Amino acid sequence: MSDATASNALLDQTHLPRFDLFDPTHIGPALDGLLEAAQHALKDVTSSAATPTWETVVQPLEQATERLGRAWGMVGHLNGVADTPELREAYNQNLPRVTEFFTQLGLDKGLYAKYKALRESAGFAQLSTTRQRIIENALRDFRLSGAELVGAARERYAVIAQEHAAAGQKFSENVLDSTDAFSLDLPDASRLAGLPEDAIEAARLAAQAAGVQGYRITLQFPSYMPVMQYARDRPLREQLYTAYVTRASSGERDNAPLADQLLALRHEEAGLLGYGSYGEVSLATKMADSPAQVTAFLRDLAQRARPYAEQDLAQLRAFASAELGIDDLQAWDTAFASEHLKQARYAFSDQEVKQYFALPAVLKGLFGVIERLFSVSIAQDHTSTWHPDVGFYRIERAAPSAAGSELIGQFYIDLYARSGKRPGAWMDDARGRARKAEGIQTPVAYLTCNFQAPVGDQPARLTHDDVITLFHEFGHGLHHMLTRVDDLAVSGISGVEWDAVELPSQFMENFCWDFDVVRSMTAHPQTGEPIPRELFDKMLAAKNFQSGLQTLRQVEFALFDMQLHAQALPSQTRAGEAVQAILDQVRDEVSVLRPPSFNRFQNSFSHIFAGGYAAGYYSYKWAEVLSADCFAAFEETSLFDAATGERFLREILSVGGSRPAIVSFRAFRGRDPSPAALLRHNGMAQESDHALSPS
């Protein structure tokens with residue numbers, strides 16, 4: 001290892017990321033060398049006169065771009081979980097040249113020609129089906145990346161890619177900064193009446209950490225949500241709600257112009273590529289065939305859910321009026337009224353449940369589920385991290401032909417909300433599985449959530465929704481880490497259609513509703529007793545509480561996303577006006593509970609404006625059909641049936657993107673998807689299921 005490599009955390013890729021050595025000043029010099037190496041690899045591949053083969057085209061370029069991708073992936077990860085002014089400046093300085101390289105890679109006619117020649121060569125038939133799929137995917141991606149463009153169109157495509165990356169990053173920064181910028185300091189706890197004790201104590205500690213007296217409430221979700229659910233002070237709820245739904249909607253942090261810019265860039269890109277809309281571009285790599293098919297799927301689901309949603313809302317309004325004295329139910333009342341209605345109807349509260357879910361026990365229970373399902377073991381591991389709260393673990397399985405065990409994968413787990421960390425929950429990869437000359441490179445994942453941090457010397461306690469979120473993200477992690485594919489481009493989640501990538505995550509959520517699983521990861525803080533069956537039965541009875549409203553909310557988001565990307569928006573309007581008009585139209589069509597006119601939810605909808613879900617948010621509901629149907633296979637045998645678990649691992653998790661997702665589903669279930677399980681799980685089993693299947 002050279003001195004430069006040893007002193008630069010981004011160049012040390014022999015082992016795990018060196019977060020202990022990282023400094024933002026490493027970014028520029030590291031990228032200088034990595035980009036130069038990648039450019040040299042590209043030149044060598046495209047200038048070679050040899051007959052294109054896997055070894056002369058795919059492998060050398062993959063090696064160079066993987067090193068670049070791993071280094072930039074580490075920077076991007078830190079940008080999301082440990083943002084500082086120095087890191088942000090360095091990230092934004094280098095984002096354009098990373099974007100430019102990968103854009104030019106996709107536009108490179110010489111490389112495109114090499115892949116086409118490889119596809120047409122006699123050697124193609126001798127490749128494994130996995131490698132054939134990688135080449136077919138690459139040819140598709142070249143076309144989608146503008147490789148067939150010429151002249152001004154080609155130049156414009158490269159500019160669009162640069163502008164799109166910069167606008168998406170700024171959108172994300174504005175959401176983070178506007179979330180972090182708000183705080184409400186209260187001199188005493190009188191206005192926090194109704195909040196759980198741990199939430200009040202967390203507010204006190206937040207004020208103390210900020211050097212102010214009293215109590216501090218922020219827009220970080222673990223601080224914001226208890227106020228909305230429990231605070232009896234209605235003006236306080238209104239104040240917090242207003243601040244939350246107007247994030248990134250004014251001044252320098254207004255995301256409306258950026259949303260307009262991103263949508264215009266995407267539509268222009270679609271036109272350059274010969275598509276009618278960006279929705280069509282997005283679906284070219286997904287299971288769904290067309291925006292029209294997705295729209296029909298969503299509208300059908302909305303029609304089925306609407307009667308349940310109307311009933312949910314009528315019951316909520318009646319309860320709020322009769323029991324809470326709220327005759328004009330507003331958006332800042334719904335979480336509060338819903339929590340009280342749930343307590344009245346099912347005789348338990350989220351807070352009562354929360355006391356049983358201490359994080360260490362939840363992790364132990366989660367790991368136990370995975371170990372039983374997939375015959376692996378999970379143990380704490382050690383490496384450097386970016387924050388003291390971050391944990392690190394390894395997954396192993398018994399070695400097939402020798403004593404001991406073999407490493408399958410490793411993961412970082414970062415669970416608590418804090419300043420400088422973007423909201424939400426997600427899984428990302430630090431590196432993928434690949435067979436290399438020195439052996440198997442095992443996958444490594446980042447698992448990130450934003451739960452309430454421990455209060456005092458007590459362990460963090462999770463709501464049941466938090467537990468579901470943790471299982472969900474770990475499902476993504478399993479998809480990444482339990483792969484048995486040796487080719488990087490389709491191992492783990494790589495190459496998986498975006499509307500199927502939620503299958504493993506939503507599948508794992510189902511285990512949060514099994515009593516034996518829940519019992520194994522709960523303990524009362526005073527008695528140590530697990531959650532009682534009576535309380536769990538109440539939770540189970542409440543599982544589909546307001547499922548109609550919740551379904552319509554997801555359909556609203558998904559339909560809004562697809563409608564935005566299925567057309568060109570008028571350009572001669574005020575910033576955000578056309579986007580708001582489409583959102584209003586969607587709400588007119590599917591919503592029963594309208595937010596106030598000042599709500600600017602879209603300005604913080606990072607999934608579609610700064611994430612990977614543009615014209616793809618429908619994937620959550622689409623994949624829910626698949627995941628519910630897969631879980632039904634376990635319901636038909638037993639929850640931890642060894643043969644079913646091994647089949648799910650073999651046919652779904654381990655194959656990654658090496659074959660179409662529908663092929664993997666059929667291999668596991670022996671048939672096409674059916675929505676019957678989804679409808680049953682959501683309390684709508686009596687409805688016909690003929691139109692919901694995404695197959």
Side-chain angles (χ1 to χ4, degrees), residues 179-180 182-245 247 324 331-344 346 348-362 389 415-419 421 423-425 449-470 522-526 531 535 539 542 545:
T179 301
D180 286 348
F182 178 91
S183 62
L184 176 64
D185 294 326
L186 304 172
D188 56 55
S190 59
R191 297 192 68 190
L192 301 180
L195 265 70
E197 290 183 7
D198 64 339
I200 296 174
E201 178 63 7
R204 187 189 69 79
L205 292 174
Q208 185 181 82
V212 298
Q213 296 295 316
Y215 299 79
R216 171 165 284 194
I217 301 298
T218 72
L219 298 183
Q220 299 289 347
F221 205 72
S223 177
Y224 168 78
M225 197 58 202
V227 174
M228 303 312 297
Q229 281 185 298
Y230 297 106
R232 292 195 287 268
D233 188 326
R234 195 184 189 199
L236 175 64
R237 298 199 307 270
E238 181 179 1
Q239 183 180 1
L240 265 289
Y241 173 85
T242 301
Y244 192 82
V245 302
R247 288 176 300 158
L324 303 175
W332 48 88
D333 300 318
T334 54
F336 177 75
S338 295
E339 177 61 25
H340 282 75
L341 173 57
K342 186 166 67 174
Q343 292 180 29
Y346 304 107
F348 79 96
S349 68
D350 284 349
Q351 185 61 25
E352 181 183 0
V353 172
K354 181 179 179 180
Q355 65 181 330
Y356 285 96
F357 287 108
L359 181 59
V362 173
D389 290 337
L415 298 179
Y416 305 133
R418 58 179 178 267
S419 180
K421 181 180 178 183
C449 297
N450 272 280
F451 303 145
Q452 181 178 310
V455 175
D457 59 358
Q458 297 297 309
R461 296 197 174 271
L462 308 185
T463 66
H464 190 244
D465 283 345
D466 290 340
V467 175
I468 292 172
T469 296
L470 181 60
T522 54
H524 192 278
Q526 275 77 51
I531 194 168
L535 177 55
M539 293 165 57
F545 177 65

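Small disclaimer: the values here were computed from a predicted structure and weren't measured.
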**Q.** Gln229/Phe336 under side chain to side chain contact (heavy atoms under 4.5 Å, CB included): CA gap, chis, key distance, verdict
**A.** CA-CA 4 Å; Gln229 281 185 298; Phe336 177 75; over 6 Å; no
(Q) One pair to check against side chain to side chain donor-acceptor pair (under 3.5 Å): Asp466 and Thr469. What are the steps and the verdict? (A) CA-CA 5 Å; Asp466 290 340; Thr469 296; 5.3 Å; no
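- Of all heavy-atom pairs between Gly456 and Leu205, the closest is N-CD1, 4.0 Å.
- Atom-to-atom distance recorded for His340:NE2 and Leu324:CG is 6.0 Å, nearest 0.5 angstrom.
- The side-chain contact (heavy atoms from CB on, under 4.5 Å) test applied to Ala207 returns Val212, Arg216, not counting sequence neighbours.
- Closest of all the heavy-atom pairs between Ser419 and Asp180 is OG-OD2, 3.7 Å.
- Taking every heavy atom of both residues into account, Ile200 and Leu195 meet most closely at CD1-O, 3.6 Å.
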Q: Given side chain to side chain contact (heavy atoms under 4.5 Å, CB included), test Asp389 with Leu415 step by step and report yes or no.
A: CA-CA 8 Å; Asp389 290 337; Leu415 298 179; over 6 Å; no
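- Counted within 6.0 Å of CZ on Arg232, heavy atoms from surrounding residues, nucleotides or ligands total 12 or fewer; the atom is thus considered open.
- A donor-acceptor pair is defined here as one N or O able to donate and one able to accept, closer than 3.5 Å; such a pair exists between the side chain of Gln355 and the backbone of Glu352.
- Considering only residues two or more places apart in sequence or on other chains, Asp233 meets the side-chain contact (heavy atoms from CB on, under 4.5 Å) condition with Arg191, Pro235, Leu236.
- Here Met225 contributes atom CE and Tyr230 contributes atom OH; the two are 9.0 Å apart, rounded to the nearest 0.5 Å.
- Of the inter-residue distances, the one linking Thr218 atom OG1 with Arg418 atom CZ reads 14.0 Å to the nearest 0.5 angstrom.
- A salt bridge links Lys354 with Asp198: the distance from a Lys NZ or Arg NE/NH1/NH2 to an Asp or Glu carboxylate oxygen falls below 4.0 Å.
- When all heavy atoms of Ser223 and Val227 are compared, the pair lying nearest together is O-CG2, 3.7 Å.
- Closest approach of Ala453 to Ala460, counting heavy atoms only: C-CB, 4.4 Å.
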Q: Any chance you could lay out the side chain to side chain contact (heavy atoms under 4.5 Å, CB included) test for Phe357 and Arg461, step after step, and finish with the verdict?
A: CA-CA 5 Å; Phe357 287 108; Arg461 296 197 174 271; 5.8 Å; no
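- Taken to the nearest 0.5 Å, the CZ atom of Phe545 stands 8.0 Å off from the CD atom of Glu339.
- The distance from the CG atom of Asn450 to the NZ atom of Lys421 is 4.5 Å, given to the nearest 0.5 Å.
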Q: Mind running side chain to side chain donor-acceptor pair (under 3.5 Å) on Gln343 and Asp350 for me, showing each step along the way?
A: CA-CA 8 Å; Gln343 292 180 29; Asp350 284 349; over 6 Å; no
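- Checking Thr463 against Asp465 by side-chain atom types alone, no donor-acceptor pair falls below 3.5 Å.
- Contact annotation: the side chain of Lys342 approaches that of Phe348 to within less than 4.5 Å [non-hydrogen atoms, C-beta and beyond].
- Only one option out of Tyr224, Phe182, Trp332 pairs with Tyr244 in a ring-ring contact (aromatic ring centres under 6.0 Å, His included); it is Tyr224.
- Looking at every heavy atom in both residues, Thr522 comes nearest to Ile531 through OG1-N, 3.0 Å.
- In this structure, Arg204 CZ and Glu201 CD are separated by 4.0 Å, a value rounded to the nearest 0.5 Å.
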